[in-house]
Amino acid sequence: MDAIRIVGGAQLNGTIPISGAKNAALPLMIASLLTDEELILENLPRLRDVQQLQQILSNHGVSYMIEGKRPGMDSMDGQIVRLQAREIIDTRAPYDLVSKMRASFWVIGPLLARMKECRVSLPGGCAIGTRPVDFFIDGLKALGAEIDIERGYAVASAPEGLKGAEYEFSKVSVGATHTLMMAATLAKGTTVLKNSAREPEVTDLANCLIAMGANISGAGTDTITIEGVEKLHGARHSVLPDRIETGTYAMAVAMTGGDVLLKGARADLLQAALDVLEQTGTGIEVTNEGIRVSRNGSALKAVDVTTDPFPGFPTDLQAQFMALMTRAEGTSTITETIFENRFMHVQELARLGASISLDGQKAHVEGGSELKGAQVMATDLRASVSLVIAGLVAEGETKVNRVYHLDRGFERLEDKLTACGATIERISA
Ligand code: UD1
């Protein structure tokens, strides 16, 4: 199995191109199930999760064609992919596919809306908490579906088709918002989704669905209204830049020092995280080309953060920020409010010399630790990259095992960091 080997100590200087957002790409690909016409997605990142979802979709009958390179495109540009679900040939999503990626459960919305029945395995996914699917089930039931859980599968049907309704999420859920919004596009009548997720990826999906002929208003606010339509058609849509990749590299530069342009990044997608970075003493400058991040010589200040749904500080940057705070002056408290078990990186950061104590959903990070390279391993995607960030300043060699987690969500991480002066390579462990 591959590992990432890092020798710490180098500053980062140069340009890092930001890829299309994984968390937008996945629901956008799933939206292809809603129409028999072609959905063309531009700026799709090259990631294991995207490949995995492609497999799941092809099992339902979605054809998937990657367009060739065009003049002027370089190897870091996103892919252009044509997806077409001319006919849904299988409404089952089996365990061996769905268990590899939680987001694949979201096919339940479009399959039910278009085919009036489906059988979708309950998901597996990241080891960061129990992550139930009750909002999906309750929300689809509110739209008139009958759903039973049988032997690990959600068996859903709506013989008369889905019907518009009002549904209020008891807690903000990105995936359940995506799923119910997709399902409601083809329901009869009006659906109002209250306490919806306001994440930029929800707005990106809504924009794509609107381009496909859906009637949606309010995406990006907590109340989304969808007037059902008879049919959706093909469209062309470009995936928005990845705000988590942006924030991750911004934290890497804050950690090592240096000056890097995050090309194509959009500050409005992660303002809360950029504000926190500025408070640490990191320079943030928004330019026409993206976001420039710099830290030259100044010490890092400790800052407390609490994760929250958008527009708050994202839980997907919590682990990376914790790595950064191990080197700050003073103690910072990091509070996780979205997932109950998202501190798996703490003991691995400790192996590198970090001093962090846990108190329920709070982590107290004592700054100023001298990190020293070691072998580490992580159990989820964002945790793995926090170890890479720590490795960039740790003295000597750090080996991050189980690198497949990184490949799920970071396109060519080692190439992007090497280009800015880091000593990082992929090795066969
Ligand atoms: C998405 C993101 C993930 C991010 C998370 C929160 C993708 C592919 N993944 O995950 O990177 O960390 O949003 O920003 O976009 N919950 C329930 N019942 C449900 C659904 C969710 O209790 O039916 C709970 C979860 O356990 C969690 C909270 O709601 O505590 C938020 O989860 P949710 O927003 O649904 O996360 P995902 O959509 O899975």
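Numbering of ligands and ligand atoms starts at 1, following listing order.
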H178, any N or O under 3.5 Å of ligand 1 N or O: no
Contact partition for R102 relative to ligand 1, non-hydrogen atoms under 4.0 Å: side chain
Part of R342 with heavy atoms under 4.0 Å of ligand 1, whether side chain, backbone, both or neither: side chain
For T315, atoms of ligand 1 separated by under 4.0 Å from a heavy atom: 6 (C), 12 (O), 14 (O)
Donor on one side chain, acceptor on other, T221 and T223, under 3.5 Å: no
Heavy-atom donor-acceptor pair, Y64 side chain to Q84 backbone, under 3.5 Å: no
The one among L381, D308, D134 that brings a heavy atom closest to atom 18 (N) of ligand 1: D134
Which of the ligand 1 atoms, numbered from 1, are nearer than 4.0 Å to a heavy atom of F136: 20 (C), 23 (O)
Side-chain touch L97/P94, heavy atoms, less than 4.5 angstrom: yes
Any N or O of P132 closer than 3.5 Å to N or O of ligand 1: yes
Contact (N/O only, under 3.5 Å) between K22 and ligand 1: no
N or O pair under 3.5 Å between F135 and ligand 1: yes
Interfacing atoms of ligand 1 (cut-off 4.0 Å, heavy-atom, G175): 35 (O), 38 (O)
Listed once per pair and sorted, the salt bridge (Lys or Arg N to Asp or Glu O under 4.0 Å) pairs that draw on residues 193-202, sequence neighbours left out: E166-K194, E201-R243
Residues R426, D415: salt bridge by 4.0 Å N-O rule: no
E289 with K263: basic N within carboxylate O range, under 4.0 Å: no
Between F321 and F313, ring centroids under 6.0 Å: yes
Proximal candidate to atom 35 (O) of ligand 1 [heavy atom criterion; set S173, P27, A197]: S173
Selected option - heavy-atom contact closest to atom 31 (C) of ligand 1, from V172, N341, V174, D138: V172
Ring geometry between W106 and H178 (parallel below 30°, tilted from 30 to 60°, perpendicular above 60°): tilted
R382 N/O under 3.5 Å from ligand 1 N/O: no
Nitrogen or oxygen of K171 less than 3.5 angstrom from that of ligand 1: yes
Test item: V107 and L33 side chains (from C-beta on) under 4.5 Å apart, heavy atoms: yes
Backbone or side-chain N or O of F339 under 3.5 Å from ligand 1 N or O: no
N or O contact, W106 vs ligand 1, cut-off under 3.5 Å: no
Pairwise side-chain contact, V50 with L44, heavy-atom cut-off 4.5 Å (strictly under): yes
